[in-house]
Amino acid sequence: MTTSTHLSPAFPGRAPWGTAGKLRAWQQAAMDAYLEQQPRDFLAVATPGAGKTTFALTLTSWLLHHHVVQQVTVVAPTEHLKKQWAEAAARIGVKLDPEYSSGPVGREYHGIVVTYAGVGVRPMLHRNRSEQRKTLVILDEIHHAGDSRSWGEAVLEAFEPATRRLALTGTPFRSDTNPIPFVEYVEGNDGVRRSRADYTYGYGTALQDGVVRPVIFLSYSGNMRWRTKAGDEIEAKLGEPMTKDAVSQAWRTALDARGEWVPAVLRAADQRLGEVRRAVPDAGGLVIAGDQDTAREYAKLLREITGHPAVVVLSDDTGASQRIEDFRHSQDRWMVAVRMVSEGVDVPRLAVGVYATTVSTPLFFAQAVGRFVRSRRRGETASVFLPTVPTLLTYAHEMEVERDHVLDKPTKGGEEDPYAVEEELLAEAEREQSEPDGEEQLPFEALESDAVFDRVTYDGAEFGMQAHPGSEEEQDYLGIPGLLEPDQVQQLLQKRQARQISHSRKKPDTEVDLLELPADRRPVVTHKELMELRRELNSLVGAYVHQSGKPHGVIHNELRRVCGGPPSAEATAGQLRQRIDKVREWATRMR
């Protein structure tokens, strides 16, 4: 039995190569899994850009066609997505009312599209509808049902009677432990309960299938200077080991539009966009800002840099949805937004991004990067510009890691986490910073910043040495062609780094003003991680003392002689890791 014979042959519009009119392989596999099980609840996890909507609507069409259900309710995160769902459904003959508020639904409609907030306001209205007729409920980006206890309770109340429930998400993990309604949690061997998906299609698999684009992350470091509440002036370099509160303040200093970091990164991003547009003429760029005032400041800078106005999208603006739609079909270069496009909004021409917000949850980062990975033709790449912040670089390294929602916070043998208080305070600071409409009490004042090209992260590996904005070395990476196969990207980055190292060796020592080391020898770590590396080195040296009979000082001096660098207390993370590897090698030889 075919599952798509009654669908328009033109749907989906962006099928994989050579299969126009058919479902993608993962969509068909998910359909097969569903039809075989015929479950009441089904959780499909598919990486942003893979085509969750297509899968859901194909299944909807089948369930309506076979009279398993009589009506549909789609619950979406935002008002804008309501319209997108209705438009996508209409293309396969399923009519959904995106303007529904109450009362009976027009006879011409198969169902409605509402938001989680709308369900939260009137759960009994939707419960009554679910009880009256056999209902399919599609919960788009279902992790939003865990945004607040009241939303989760409302979704449970409203759709408990539903005949079928289809939950969709690109990012099932959340940073909190609020349970997500209608999601099954399974306890692991460690006693921790994690969400269980019925079908998963991760970024790594989608990349191999050519369904999503590979992402090149370009990160920028630089010197930051700020004044604390107490009046002290602090200077630090992004990417150097710092406490979490110092990282947070340096990061926010970098994103201050009055400094030099933001203009330099926006210029670099626009140059990268220009290179991409040589091969992909309609390619667009998106800056994700932290708040509305900053978004307007970034847009002003982009106009100065490019000579063209940037489209500004603010969540409380009544015309926001239309502006996104207009941008989607235009040739405009840049859009600046706060939260409207962090998730679910489909603008396939977005190819270059600037992550200019301090929101640091893995969920937000994955959804933000998901705006750039929708593939339209082979060879397209995405480029995302980041500050050199440990958290963000960790997420960039783990793009292919599939996560589940952890319902319990694991404890380490009952020990108290000495960093817990600090992390809670930072989380509070981040919540304040990411609230665009609240009155913000900044714990510091940004004074000045500059930018330094730091590294490229691609497919879990790091490339490049530090370079000044506008330098030949930076241009090497910004000028990577816009159409390349994934393995070609890797080869090209290796060649560019080799050329950069070769140029560096020819420079007189007097001209060297940046850290002349490849990125893989300059790991970006937190202050806590640096302390742990020192502790690990000392522990291994202590064990080797007993094995070799040599004193601690002799072994440390020997490690410095072989590996180079200053004493352990002043050594970088890269130097410490090199010494850790070396002492392990010595210990293995003596066995």
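Throughout, numbering of the chain's residues begins at 1 and tracks the sequence.
- For the pairing with D282, the salt bridge (charged side-chain N to carboxylate O under 4.0 Å, His left out) check across R328, R376, R377, R349 returns one residue only, R376.
- Ring pair F365/Y395 is tilted by interplanar angle, where 30° to 60° counts as tilted.
- Just one of Y220, F385, F463 meets the ring pair (Phe, Tyr, Trp, His ring centres under 6.0 Å) condition when paired with F453; it is Y220.
- Salt-bridge check for R296 with D293: passed, with a basic side-chain N closer than 4.0 Å to an acidic carboxylate O.
- Between K52 and D140 no salt bridge is recorded (no basic side-chain N to carboxylate O distance below 4.0 Å).
- Residues D454 and T388 have side chains that bring a donor and an acceptor to within less than 3.5 angstrom of each other.
- Listed by first and then second residue, the salt bridge (Lys or Arg N to Asp or Glu O under 4.0 Å) pairs that reach into residues 297-309 come to none, sequence neighbours excluded.
- Applying the ring-ring contact (aromatic ring centres under 6.0 Å, His included) test to F327 and every residue at least two apart in sequence or in another chain returns nothing.
- With respect to the salt-bridge test (charged N to carboxylate O, under 4.0 angstrom), the residues R24 and D209 do not qualify.
- Of all heavy-atom pairs between R371 and L350, the closest is O-CB, 3.7 Å.
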Side chain to side chain donor-acceptor pair (under 3.5 Å) for D326 and Q322? Distances and angles first, verdict last. CA-CA 6 Å; D326 291 346; Q322 190 57 50; 2.8 Å; yes

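- By the salt bridge (charged side-chain N to carboxylate O under 4.0 Å, His left out) test, E474 pairs with no residue at all, sequence neighbours left out.
- Defined by atom type and a distance below 3.5 Å, a donor-acceptor pair is missing between the side-chain atoms of T306 and R333.
- Proximity of I501 to P518: side-chain heavy atoms (C-beta onward) are separated by under 4.5 Å at one or more points.
- Here the side chains of W226 and R252 are not in contact, with every heavy-atom distance at 4.5 Å or above.
- The aromatic rings of Y355 and F364 sit perpendicular, their planes meeting at an angle over 60°, well past the 30° parallel limit.
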Would T253 and R225 count as a side chain to side chain contact (heavy atoms under 4.5 Å, CB included) if you check the C-alpha gap in whole Å, the side-chain angles of each, and the deciding distance to 0.1 Å? CA-CA 7 Å; T253 301; R225 193 165 66 86; 6.0 Å; no

